[in-house]
Amino acid sequence: SQNLIISNIELLLDYCTRFYDRQFYTRSNLNLDNVSKFEKLLKRYYETEDVDEKGLPSVQYLAKELNFSSNYLSDLLKKETGKTAQEHIHLFVIEKAKNKLLNSKISISEIGYSLGFEYPQHFSNLFKSKTGFSPREYRNLN
């Protein structure tokens, strides 16, 4: 009887997973709109003074602004783009950092602070993990 109960619970969980995943496939147009809203919200966050006050944008903050849970937002982005919400935030920040590194003579610490990092080391570590170069190496290469 224990095997029967386990197999029924497994079947129920499989149906739940299929039902949850199905919403991403049946609403693809709406999901693409939500992806573009996410990207616009991220750009707007960096255009305003929110970075100075709040630091790096969190998945929870962006999800709340879009009226989603953070897990749902990550799942939606993962299904549509192959990247989680946190990965999107990191890639966006890295692109802004690359532009600032190449187009200004601002110190690397100041760039880190301007992007919302509390400590410049966190910025340098993230930059190196995503690009393979430290910010200083990247600036010197280009």
Side-chain angles (χ1 to χ4, degrees), residues 1-104 106-139 141-142:
S1 66
Q2 183 181 9
N3 289 339
L4 186 60
I5 292 171
I6 291 172
S7 66
N8 281 330
I9 291 173
E10 186 178 348
L11 181 65
L12 178 64
L13 291 174
D14 284 343
Y15 279 125
C16 290
T17 303
R18 274 196 239 154
F19 183 75
Y20 180 75
D21 287 341
R22 189 179 74 192
Q23 69 184 327
F24 296 114
Y25 302 116
T26 59
R27 300 183 199 168
S28 60
N29 290 338
L30 179 62
N31 291 343
L32 290 175
D33 289 344
N34 288 326
V35 170
S36 67
K37 285 179 187 176
F38 173 82
E39 291 169 353
K40 286 177 188 172
L41 179 62
L42 196 53
K43 286 177 189 172
R44 190 168 11 118
Y45 185 88
Y46 275 95
E47 289 170 356
T48 63
E49 300 301 317
D50 286 347
V51 176
D52 297 333
E53 297 171 17
K54 301 175 185 170
L56 268 174
S58 67
V59 176
Q60 291 79 13
Y61 169 80
L62 295 169
K64 183 180 173 192
E65 290 294 312
L66 294 170
N67 296 316
F68 294 136
S69 73
S70 55
N71 289 334
Y72 182 82
L73 177 61
S74 260
D75 287 347
L76 183 141
L77 290 171
K78 183 81 171 173
K79 295 284 185 194
E80 290 298 321
T81 65
K83 295 179 181 79
T84 64
Q86 190 67 48
E87 290 172 318
H88 276 279
I89 293 168
H90 286 166
L91 291 173
F92 183 83
V93 168
I94 294 302
E95 285 305 312
K96 288 199 77 65
K98 286 178 179 178
N99 288 335
K100 288 185 179 200
L101 285 167
L102 296 178
N103 298 325
S104 70
I106 304 172
S107 75
I108 293 168
S109 295
E110 288 179 52
I111 291 173
Y113 289 129
S114 73
L115 292 172
F117 287 89
E118 195 170 331
Y119 303 105
Q121 303 91 322
H122 292 166
F123 164 64
S124 294
N125 291 340
L126 176 67
F127 192 89
K128 185 162 184 149
S129 71
K130 297 295 181 186
T131 64
F133 299 105
S134 70
R136 182 167 278 108
E137 292 170 338
Y138 184 81
R139 181 179 265 172
L141 284 174
N142 298 303

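These numbers were taken from a predicted model, which means no experiment stands behind them. In this chain, residues are counted from 1 in sequence order.
Remark: L12 CG to T17 OG1 distance equals 9.5 Å, nearest 0.5 Å. Between atom CG of residue L101 and atom CG of residue N103 there is a gap of 9.5 Å, rounded to the nearest 0.5 Å. The CG atom of L56 sits 8.0 Å away from the CG atom of L126 when rounded to the nearest 0.5 Å. In this structure, CZ in F68 is found 3.5 Å from CG in N34, a value given to the nearest 0.5 Å. Separating the CG atom in L13 from the CG atom in N8 is a distance of 11.0 Å, to the nearest 0.5 Å. Rounding to the nearest 0.5 angstrom, the gap separating the NE2 atom in H88 from the CG atom in L42 is 9.5 Å.
Looking at heavy atoms from C-beta onward, I111 lies in side-chain contact with R139 at the 4.5 angstrom threshold. The side-chain heavy atoms of E39 and F92, taken from C-beta on, include no pair separated by under 4.5 Å. No side-chain heavy atom of S134 sits less than 4.5 Å from a side-chain heavy atom of F127.
Counting all heavy atoms, side chain and backbone alike, L73 lies closest to L62 at CD2-C, 4.3 Å. Residues N71 and Y20 come closest through the heavy atom pair O-OH, 4.5 Å. In this structure, F123 and P135 approach most closely via the heavy-atom pair CE2-CG, 3.8 Å.
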Please report the C-alpha distance between Y45 and L41 in whole Å, then the side-chain angles of each, then the deciding distance to 0.1 Å, and finally whether the side chain to side chain contact (heavy atoms under 4.5 Å, CB included) criterion is met.
CA-CA 6 Å; Y45 185 88; L41 179 62; 5.8 Å; no
V35 vs L77, test: side chain to side chain contact (heavy atoms under 4.5 Å, CB included). Steps then yes/no.
CA-CA 7 Å; V35 170; L77 290 171; 3.7 Å; yes
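Among pairs with a residue in residues 90-101, those fulfilling salt bridge (charged side-chain N to carboxylate O under 4.0 Å, His left out) read E95-K98, at least two apart in sequence or across chains.
Residues meeting the side-chain contact (heavy atoms from CB on, under 4.5 Å) test with Y119, sequence neighbours left out: Q121, H122.
Remark: of the listed residues N99, L115, T131, I89, T131 is the sole one forming a side chain to side chain contact (heavy atoms under 4.5 Å, CB included) with I94.
By the 6.0 Å contact criterion, CD on E118 is open, its count of non-hydrogen atoms from other residues, nucleotides or ligands being 12 or less.
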